[in-house]
Amino acid sequence: MKLFNSLTMQKEEFVPIEEGKVRLYACGPTVYNYIHVGNARPLIMFDVLRRYLEYRGYEVTFVQNFTDVDDKIIKRANEEGLTSKEISEKYIAEFRTDSRGLGVHEATVHPKATENIEQIISLVETLIRKGYAYEVNGDVYYRTAKFEGYGKLSHQPLEDLQAGARIDVADIKENPMDFALWKAAKPDEPYWESPWGRGRPGWHIECSAMSNRYLGETIDIHCGGQDLIFPHHENEIAQSEAANGCKFVNYWMHNGFISVDNKKMSKSLNNFFTVREAAGVYGYDSIRMFMLMSHYRSPLNYSGDILTQANNALERLSTAKANLDFFAENGVDGEMTAAEREVAEGLGKYRTRFCEVMDDDLNTADAVAVIFELVREINAAVSPASNPTKALSKACAEIFDELAGVIGLPIAKKEESLELEVEKLIEARQQARKAKNFAEADRIRDELKAKGIVLEDTPQGVKWKRQ
RNA sequence: GGCGCCAUAGCCAAGUGGUAAGGCAGUGGACUGCAAAUCCGCGAUCCCCCAGUUCAAAUCUGGGUGGCGCCUCCA
């Protein structure tokens, strides 16, 4: 399996530290607002990574943090007259609702920054002791000039980063590039006692501390959005490697941006759509399908139109699955025919191709294409005209579910039953059709359609679905 | 200014040296009482432009054009 590593800017063969196990860390949200569609991309794509690793037999420990102490949370809390804790808890709950909606599995651990203060303080102390950090008036800063590899992830020498840095006139730091590990508490801010007085952690240090606590000093994969490369991930490397004296992360993975009218979707540009509102109009499933249809590193332009396209594509897959379910129940009993056996035996090739493309840096666009090709073959083999056996229908459903499950394709679930009233109408329509009273049959069909039930006639019986 | 990314049919999107996947939309046919779904067929003589390397380039090299991102909180 090959993964593109941002550190080396190349696709590399993935070799875990410990055979059969993967230690995976993803930077989670700062919980002060609903997540937007841009935030959903890493969530979905790294969920796919995790699922695929598990599919390939790895035992994955997946850690995703919540940043629950931060300037923005404090600001939001003040605006709403609530405490930081109330704000962060509210938006953690909202985050979980959206994650679930998007089909994202829970991480193994979801640590919170505020529950790791002890680890953070200890890490800062280590950095000070080793000369990588210094205290000024209750703040603690990282001494970037001391860390030799600074800039290796963003591939920029320190001087160039420095040239672009904003210089605060009243800056108390030794170097403009130095960043805060610990911030002295201002009035009305949440704080914790520390060797440097009351304060709270800076943003970057929490990921180093939690990654170390839950996954160890060196981890396999660390992922996040491209905008985290600098400064966040660069700083994590500086902190963790200086403190532990060993490599922090073997593979860095970064997803591309979602844009709106070709401008990066971001909170600062205020051109974002929350997942909640997009899902309200187009459904959570459309959002996931939209992401799966392209490669995780390519830029992606968001529009309502494109979500509609994604939804239509998904519809074809859901219809195929419903068809398989229908024939698993209404198909012919007994053994497969010779021709069917040939089809069933050939299905494995889709699994092989699926794995080939997924092994190539998680090419979900190709993986989806493979599933569409599978669907075309299945639709031809399992149809009213082919009058298939239940056995073939089940064999097809099995591989379809397997592959769709690996990338979490949001296929509509089968509904077991209909309201009695609707069943009666369907039966009445069948009688009318038998009597060649097509006017009445069509009237009933229209009536059901108005209720959101769409009918399809087949020699094996009536199929129905909800619109 | 430094570093990096992107440009493929109406739309979305793979492919990155061997002669253009897949999807959406559209359209012709089969099937159907009619429909719906499905299946079969149709769409880029060509992958932003120019030059070069090569037996061979959308794919490599050089030069353009257009768009975007990071360098500051941001997935």
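Since this is a predicted model, take the numbers as computed values, not measurements. Proteins get letters first, then strands, A, B, ... in listed order; numbering begins at 1 in each.
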Given the P atoms of B/rG66 and B/rC55, what is the spacing between them in whole Å? 35 Å
Between C1' of B/rA25 and CE of A/Met293, the distance in whole Å: 13 Å
Please give, in whole Å, the distance from B/rA75 C1' to A/Trp252 CH2? 14 Å
Using a strict cut-off of less than 4.0 Å between a Lys/Arg side-chain nitrogen and an Asp/Glu carboxylate oxygen, indicate whether A/Glu189 and A/Arg200 qualify as a salt bridge. yes
Across the strands shown, which category fits A/Asp457 at heavy-atom distances under 4.0 angstrom: base, sugar-phosphate, nothing? base
Rounding to an integer number of angstrom, what distance separates B/rG10 and B/rC5 when you compare their P atoms? 28 Å
With a 4.0 Å cut-off, would you call A/Asp360 and A/Lys11 a salt bridge? yes
Respond yes when some side-chain nitrogen or oxygen of A/Asn311 is under 4.0 Å from OP1 or OP2 of B/rC24, and no when none is. no
Look at A/Glu174 together with A/Arg143 and state whether they make a salt bridge at an N to O cut-off of under 4.0 Å. yes
Distance check needed: B/rC68 P versus A/Tyr302 OH, whole Å only. 20 Å
For a quick check, tell me whether the side chain of A/Lys264 and the base of B/rC68 share a donor-acceptor pair closer than 3.5 Å. no
Protein-nucleotide distance (A/Phe400, atom CZ; B/rU38, atom P), rounded to Å: 12 Å
What's the NE2-P distance between A/His204 and B/rU72, to the nearest Å? 11 Å
Between B/rA14 and A/Ser298, is there an OP1 or OP2 to side-chain N/O distance shorter than 4.0 Å? yes
If you check every side-chain atom of A/Asn262, which of B/rC68, B/rC34, B/rC70 has the closest atom? B/rC68
Give one of base, sugar-phosphate or nothing for A/Phe372, where a contact means two heavy atoms less than 4.0 Å apart. sugar-phosphate
Pairing partner (Watson-Crick or G-U wobble, both distances under 3.5 angstrom) of B/rU65: B/rA7
Contact class for A/Gly224 vs. all strands (heavy atom < 4.0 Å): base, sugar-phosphate, or nothing? sugar-phosphate
Considering only atom C1', compute the distance from B/rG52 to B/rG41 and round it to an integer number of Å. 42 Å
Any strand, both distances under 3.5 Å, Watson-Crick or G-U wobble: B/rC73 pairs with none
Using the side-chain heavy atoms of A/Asp227, tell me which of these nucleotides is nearest: B/rA14, B/rA75, B/rC12. B/rA75
Taking the side chain of A/Ala365 as heavy atoms from C-beta outward, which of B/rA13, B/rA75, B/rC12 is closest to it? B/rA13
Electrostatic pair A/Glu398:A/Lys394 at N-O distance under 4.0 angstrom: no
Tell me which of A/Ala310 and A/Val37 sits closer to the 5' end of RNA chain B, going by the nucleotide each one is nearest to. A/Ala310
Is it true that A/Lys173 and A/Asp139 have a side-chain N and a carboxylate O under 4.0 angstrom from each other? no
Is A/Thr319 touching bases, backbone alone, or none of the nucleic acid, heavy atoms closer than 4.0 Å? sugar-phosphate
Check this for me: does the side-chain of A/Asp366 come within 3.5 Å of the base of B/rG22 through a donor and an acceptor? no
Per atom distances to the A/Arg376 side chain, the nearest of B/rC40, B/rC11, B/rG69 is B/rC40
Side-chain contact check for A/Glu456: nearest option of B/rA75, B/rA35, B/rC34 is B/rA35
By the 4.0 Å heavy-atom rule, please label A/Ser266 as base, sugar-phosphate, or nothing. base
Interatomic distance at P, B/rC60 relative to B/rU8, whole Å: 15 Å
So what does A/Ile258 touch, heavy atoms closer than 4.0 Å: a base, only the sugar-phosphate, or nothing? base
Indicate, with a heavy-atom threshold strictly under 4.0 Å, whether A/Ile35 touches base, sugar-phosphate, or nothing. nothing
Verify the contact: side-chain N or O of A/Asn379 to OP1 or OP2 of B/rU38, cut-off strictly under 4.0 Å; return yes or no. no
Determine whether any donor atom in the side chain of A/Arg445 lies under 3.5 Å from an acceptor atom in the base of B/rA36, or the reverse, and answer yes or no. no
Examine A/Phe179 together with A/His204 and report whether their ring centres are nearer than 6.0 Å. yes
Which part of the nucleic acid, if any, lies within contact of A/His295, taking any heavy atom under 4.0 Å across all strands shown: a base, the sugar-phosphate backbone alone, or nothing? sugar-phosphate
Is B/rA13 paired to anything, Watson-Crick or G-U wobble with both distances less than 3.5 Å, and if yes, which nucleotide? none
By the 4.0 Å heavy-atom rule, please label A/Arg429 as base, sugar-phosphate, or nothing. base
Check A/Lys146 with A/Asp178, please: is the shortest side-chain N to carboxylate O separation under 4.0 Å? no
Are side-chain N/O atoms of A/Tyr141 and A/Asn175 paired as donor and acceptor at under 3.5 Å? no
Nearest-Å distance once atom P is located in both B/rA56 and B/rU19: 15 Å
Roughly how many Å is it from CG in A/Asp361 to P in B/rA14, rounded to a whole number? 12 Å
Is A/Ile229 touching bases, backbone alone, or none of the nucleic acid, heavy atoms closer than 4.0 Å? nothing
Taking atom P in both B/rC34 and B/rG43, compute the distance separating them and give it to the nearest angstrom. 29 Å
Distance, P atom - from B/rG29 to B/rG15, rounded to whole angstrom: 37 Å
Think A/Arg316 has a side-chain N or O under 4.0 angstrom from the OP1 or OP2 of B/rU38? yes
Compare the minimum distances between each of B/rC39, B/rC68, B/rA21 and the side chain of A/Lys263, then state the nucleotide with the smallest one. B/rC68
What's the closest nucleotide to the A/Ala313 side chain, out of B/rC24, B/rA14, B/rC39? B/rC24
Options B/rA75, B/rA36, B/rA13, nucleotide nearest the side-chain atoms of A/Lys267: B/rA75
Nearest-nucleotide pick for A/Leu228, side chain only, options being B/rC71, B/rA75, B/rC73: B/rA75
Picking from B/rC6, B/rG23, B/rA36, the nucleotide nearest the side-chain atoms of A/Pro299 would be B/rC6
Rounded to whole Å, CE of A/Met358 lies from P of B/rA21 at a distance of 22 Å
Can you tell me how far P in B/rC47 sits from the matching atom in B/rA21, rounded to whole Å? 15 Å
Is there a donor on the side chain of A/Gln309 or the base of B/rC11 sitting less than 3.5 Å from an acceptor on the other? yes
At under 4.0 Å, does any side-chain N or O of A/Lys449 touch on OP1 or OP2 of B/rA36? no
Ion pair A/Arg288/A/Asp285, N-O distance below 4.0 Å: no
A/Leu455 or A/Pro42: which one's nearest nucleotide on RNA chain B is closer to the 5' end? A/Leu455
Under a 4.0 Å threshold between the charged nitrogen and the carboxylate oxygen, would A/Arg353 count as salt-bridged to A/Glu356? no
Round to a whole Å and report the spacing from NZ of A/Lys465 to C1' of B/rA37. 7 Å
Using OP1 and OP2 only, check whether a side-chain N or O of A/Asn312 sits under 4.0 Å from B/rA25. yes
